[in-house]
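Let me begin by presenting the structure, written as structure tokens, before commenting on it.
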Amino acid sequence: MIKSKAITDQNVDVAATSFLADPQIGPYDIAPGHRVNLAAAVAGHDLARQVAANSEARLGVKLAAMLTAIPLARAEMAIALLY
């Protein structure tokens, strides 16, 4: 996602923080015109899934795992419907 430059490191940081605040967040508008399912991104990454499920893992470790998993997720184009 980041290679296309449509999604920045800052977008990923905010998405990771949003996931940690609400692990059930699901589809998330990560950048204008781009949406990613954060819960699916974490579920699809073995390390991130294990760390997210570990109640004893420190916040920094969880954040690092999310910052690894989210950029690997496949973003969908968010299409706005105009009326």
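- Listed for the N11 side chain is no donor-acceptor partner under 3.5 Å among the backbone atoms of A31.
- Remark: the backbone N or O of Q24 is paired with a side-chain donor or acceptor of D22 at under 3.5 angstrom.
- Rounding to the nearest 0.5 angstrom, the gap separating the CG atom in N54 from the NZ atom in K62 is 6.5 Å.
- To the nearest 0.5 angstrom, H34 atom NE2 is 5.0 Å from I7 atom CD1.
- Residues forming a side chain to side chain contact (heavy atoms under 4.5 Å, CB included) with A65 (at least two apart in sequence, or on another chain): A48, V51.
- By the side chain to side chain contact (heavy atoms under 4.5 Å, CB included) test, P23 pairs with F19, sequence neighbours left out.
- Residue V14 is grouped with residue V42 when hydrophobic side chains (ILVMFWY) are merged at heavy-atom distances under 4.5 angstrom, including chains of intermediate members.
- When all heavy atoms of A15 and I30 are compared, the pair lying nearest together is CB-CD1, 3.9 Å.
- Between T68 and L47 the shortest side-chain heavy-atom distance does not fall below 4.5 Å.
- Sorted by first and then second residue, the pairs that involve residues 37-49 and meet side chain to side chain donor-acceptor pair (under 3.5 Å), not counting sequence neighbours, are D46-R49.
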